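Start at 1 and go down the list; that is how both ligands and their atoms are numbered. Remember, predicted model here, so these are calculated numbers, not experimental data.
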Amino acid sequence: MESGTAETRAGSSGTNGDGAAAGSFEVHNPATGELIATVAIDSPQAVAETVARVRANQAEWEALGIEGRHHWLAQLRDWLLDNQERVLDTMQRETGKVRADASNEPAYLVDLINFYGAKAAKFIGEESVRPHSPLLASKKLRVQYRPHPVVGIISPWNFPLILALGDAIPALQAGAAVVIKPSEFTPLGLAEVVAAWKREIGGPDVLDCVQGVGETGGALVDAVDFIQFTGSDRTGRKVMARAAETLTPVSLELGGKDPMIVLADADLDRAANAAAWGGMMNSGQICISVERIYVEEPAYDEFVAKLAGEVGKLSQGADDARAPKDVGAMTSPNQIGIVEDHVDDALAAGARALTGGKRVPGPGDYFEPTVLVDVDHSMKVMRDETFGPVVGVMKVRDAEEALRLANDSRYGLSGSVFGEKERAEGIARRVECGAVNVNDVLVNYLASDVPMGGWKESGIGYRHGEPGIKKYCRTESVVITRFGAKREPSWYPYTRGRRGLVGRVARAFNARDLRRRLGMRG
Ligand code: NAD
């Protein structure tokens, strides 16, 4: 792939023909501001052609079966392991992440390939079902899970590989072909992996990406059979509305405003260290970042001092493998503006920054790791998704007040509770969100065994676990008659005698008392 100012078709295979490009966009390194690539936008026609091409190969891919498809995905796993440094270099260049944060991307993907490789047969293998009624005793009941032929994935910029390939892996394992539209801020790493699938791995032509902006995403929605969208709830609504035009099913992984509750009996060192990492990791640009913290009164002063101390020590800036730093850049130039607005709004309304509180002068888009206190729910920083290295901490009377505030949100993605194990678990079970961690943060994302998805305005549908692969499938029930007469009693002709027989048999099997079984009233 070319970089610098040269225009490049970053993703698709180039089979889209002349006139396929519809303008271009620039990609910058957020750590330096440097222009690193200019990418050609795929036109709606080019998107449709890419989808048609992989669609033509999907039946053969599906016919490979679970093992056959895993064979190819395992090769992708090995490629990711063998080319990790190259992948991390691109990740860092287009996102401005520190090396440690970038390294989560391939690590997660190789684990996920192994997970779905091992579990797919259990999750989407053919099911044999015993008929519930003796009237169906002659039938063999089977359920098979057949993929939506082409799955479209629209992904955001905060984890360019995890949130694109992390959904492509179960879709491919299920037998679907996949076309991904990555974020226009971070298109390069994904394009590199897709190119490797085609040219270095030699994988079947059932995985591709198209490059572009919102319009390109819309064209993908029009062309595919299922849409997996990860991004803001604002765009999620548009995607769902567009998908409604073609009755295309969607799964939406949207924003969050994750609460953390710290009970008075928590290990405050662990809670403060977890809050620092859970709030600042990936510069807070994680849908499941710790964004707001509620601390029971007796623990408040000590917790806040420990948290501010830990966050105040974090190193920030561009790094490499030899000299690691803790906190990287903000990937999207729009997002740093939102973070600044939330912090300024809080400070103007009486909040205090115990550490951080402002944008770092350039080059690069950096915001200081920030701990805010004296905040309340009238402030944007406690209400809207900040998606930056900022946490707001509130003192609460007791666990009930913490719960009330934690649940006072239009979002419900995930959350965490720190405290004595049983008490914390009891509180955790009442947090209104799709996943909750007890005495840990973010870790539910690595537990791919269990579903992860949003309640309320945080989304529709789940990734991970059984639902994370089943959602890419359509259910086909197969009802097989093992033996039967020339004519069933319920078929034509409708004579009095045959109708009576059917009624008496149905009654005999469905009534639960003798009188009704025998045709009498109860
Ligand atoms: P975004 O909604 O701005 O963009 C996401 C993707 O949608 C991009 O690829 C974009 O080009 C595309 N898009 C934009 N307009 C479109 C349209 N009209 N039709 C189709 N596609 C369109 O989100 P973002 O700023 O890239 O990402 C940040 C957001 O993602 C945050 O809200 C964050 O919480 C959320 N997120 C959620 C999860 C999750 O699993 N729930 C994970 C990561 C990020």
Side-chain angles (χ1 to χ4, degrees), residues 10-11 25 27 30 39 41-42 44 47 94-95 104-105 108 152-164 166-167 179-187 190-191 209-224 227-245 248 250-258 281-291 330-339 384-388 409-414 433-435 442 444-445 448 451-464 468:
F25 60 90
V27 184
V39 178
I41 295 176
D42 286 301
V47 172
E94 69 177 351
T95 65
N104 289 310
E105 302 239 15
Y108 167 86
I153 295 174
I154 301 175
S155 55
W157 43 258
N158 58 327
F159 286 98
L161 295 185
I162 288 179
L163 296 171
D167 291 313
V179 177
I180 304 168
K181 206 294 281 172
S183 167
E184 56 273 39
F185 293 107
T186 55
L190 177 75
C209 60
V210 290
Q211 298 292 359
V213 291
E215 190 195 7
T216 325
L220 187 63
V221 175
D222 292 345
V224 298
I227 273 287
Q228 167 62 49
F229 172 82
T230 305
S232 62
D233 56 290
R234 188 176 37 82
T235 311
R237 285 168 218 272
K238 290 188 197 160
V239 165
M240 191 166 178
R242 184 133 180 184
E245 298 291 322
T248 301
V250 295
S251 180
L252 306 176
E253 298 281 351
L254 309 177
K257 187 74 194 168
D258 283 10
M281 193 257 194
N282 210 45
S283 302
Q285 304 165 113
I286 315 182
C287 52
I288 54 173
S289 284
V290 173
E291 293 225 349
M330 300 289 306
T331 300
S332 144
N334 305 338
Q335 198 63 42
I336 197 164
I338 294 172
V339 175
D384 300 336
E385 185 179 42
T386 305
F387 218 60
S409 173
R410 66 189 180 94
Y411 292 116
L413 195 53
S414 66
C433 61
L442 311 184
N444 65 289
Y445 207 88
S448 37
M452 185 265 172
W455 289 14
K456 304 194 240 181
E457 295 179 34
S458 286
I460 293 174
Y462 297 88
R463 53 164 65 101
H464 294 163

Mind checking whether Arg234 has an N or O less than 3.5 Å away from an N or O of ligand 1? no

Numbered atoms of ligand 1 (with element) below 4.0 Å of Val239, judged on heavy atoms: 19 (N), 20 (C)

Decide yes or no on side chain to side chain contact (heavy atoms under 4.5 Å, CB included) for Val250 and Phe229, but give the supporting numbers first. CA-CA 7 Å; Val250 295; Phe229 172 82; over 6 Å; no

Hey, which of Ile180, Val221, Thr230, Val224 is the one that makes side-chain contact (heavy atoms from CB on, under 4.5 Å) with Ile154? Val221

Honestly, for Leu413 the part within reach of ligand 1 (heavy atoms, under 4.0 Å) is side chain

With a 4.0 Å heavy-atom cut-off (strictly under), which part of Val221 contacts ligand 1: side chain, backbone, both or neither? neither

Per-atom contacts of ligand 1 with Thr235, taking only distances under 4.0 Å to non-hydrogen atoms: 1 (P), 2 (O), 3 (O), 7 (O), 13 (N), 14 (C), 15 (N), 16 (C), 17 (C), 22 (C)

Would you please determine whether Gln285 falls within less than 4.0 Å of ligand 1 on a heavy-atom basis? no

Can you tell which of Asp42, Val179, Leu190 makes a side-chain contact (heavy atoms from CB on, under 4.5 Å) with Cys209? Leu190

Rounded to the nearest 0.5 Å, the CG atom of Asp233 sits from the CG atom of Leu413 at a distance of 11.0 Å

Between Phe387 and ligand 1, find which residue part has any heavy-atom pair under 4.0 Å and reply side chain, backbone, both or neither. side chain

Mark up the atoms of ligand 1 that fall under 4.0 Å of a heavy atom belonging to Glu253, in ascending order. 37 (C), 38 (C), 39 (C), 40 (O), 41 (N)

Is ligand 1 less than 4.0 angstrom away from at least one heavy atom of Pro182? yes

How far is atom 24 (P) of ligand 1 from the closest protein heavy atom, and which atom is that? Trp157 NE1, 3.4 Å

Determine yes or no for a side-chain-to-main-chain donor-acceptor pair under 3.5 angstrom, with Gln335 supplying the side chain and Thr386 the backbone. yes

Go through ligand 1 atom by atom and flag the ones less than 4.0 Å from a non-hydrogen atom of Ile154. 6 (C), 7 (O), 9 (O), 12 (C), 20 (C), 21 (N)

Please state which option from Ser155, Gly217, Gly152 has its nearest heavy atom closest to atom 8 (C) of ligand 1. Ser155

Determine, considering heavy atoms only, which of Ser332, Pro156, Gly212 sits nearest to atom 27 (O) of ligand 1. Pro156

Rounded distance [0.5 Å steps], OG in Ser409 versus CD in Glu385: 10.0 Å

With backbone taken as N, CA, C and O and side chain as the heavy atoms from C-beta onward, which portion of Asn158 lies under 4.0 Å from ligand 1: side chain, backbone, both, or neither? side chain

Subset of ligand 1 atoms that lie under 4.0 Å from at least one heavy atom of Gly218: 19 (N), 20 (C)

Can you list the ligand 1 atoms lying under 4.0 Å from a non-hydrogen atom of Lys181? 8 (C), 9 (O), 10 (C), 11 (O)

Gly255 backbone acceptor or donor facing Ser458 side chain under 3.5 Å: yes

For Arg463, which part has a heavy atom under 4.0 Å from ligand 1: side chain, backbone, both, or neither? side chain

Ignoring angles and geometry beyond distance, decide whether Leu254 reaches within less than 3.5 Å of ligand 1 through its nitrogen or oxygen atoms. yes

At the 4.0 Å heavy-atom cut-off, does Phe185 count as touching ligand 1? no

Looking at atom 39 (C) of ligand 1, what's its closest protein heavy atom, distance included? Cys287 SG, 3.2 Å

Can any side-chain N or O of Lys181 pair as donor or acceptor with the backbone N or O of Gly152 at less than 3.5 Å? no

May I ask you to decide if the ring planes of Trp157 and Phe185 are parallel, tilted or perpendicular, using 30° and 60° as cut-offs? perpendicular

Output the list of atoms in ligand 1 that are nearer than 4.0 Å to some heavy atom of Glu385, sorted by atom number. 31 (C), 32 (O), 33 (C), 34 (O)

At less than 4.0 angstrom from any non-hydrogen atom of Ser183, what atoms of ligand 1 do you find? 9 (O)

Basic-acidic side-chain contact under 4.0 Å: Glu457, Arg237: yes

When you compare the side chains of Ser251 and Gln228, does any donor N or O come within less than 3.5 Å of an acceptor on the partner? yes

Which of these, Gly434, Gly231, Ser458, has its nearest heavy atom closest to atom 35 (C) of ligand 1? Gly231

What residue and heavy atom of the protein are closest to atom 43 (C) of ligand 1, and at what distance? Leu163 CD1, 3.1 Å

side-chain contact (heavy atoms from CB on, under 4.5 Å) partner of Thr95, chosen from Asn282, Thr331, Leu161: Thr331

Say you draw a straight line from CG of Asp167 to CZ of Arg463; how long is it, rounded to the nearest 0.5 Å? 4.0 Å

Under 4.0 Å from ligand 1, counting heavy atoms only, is it the side chain of Glu184, its backbone, both or neither? side chain

Fit a plane to each ring of Tyr445 and His464, take the angle between them on a 0 to 90° scale, and name the class: parallel (under 30°), tilted (30 to 60°) or perpendicular (over 60°). perpendicular

Please assess Gln211 against Thr216 for the test side chain to side chain contact (heavy atoms under 4.5 Å, CB included), listing each intermediate value before the final yes or no. CA-CA 7 Å; Gln211 298 292 359; Thr216 325; over 6 Å; no

Of the protein's non-hydrogen atoms, which lies at the shortest distance from atom 18 (N) of ligand 1, and what is that distance? Lys238 CD, 3.9 Å

Of all the non-hydrogen atoms in the protein, which one sits nearest to atom 17 (C) of ligand 1, and at what distance? Gly214 O, 3.5 Å

Can an N or O of Ser232 be found at a distance shorter than 3.5 Å from an N or O of ligand 1? yes

Roughly how far apart are Lys456 NZ and Cys433 SG, rounded to 0.5 Å? 8.5 Å

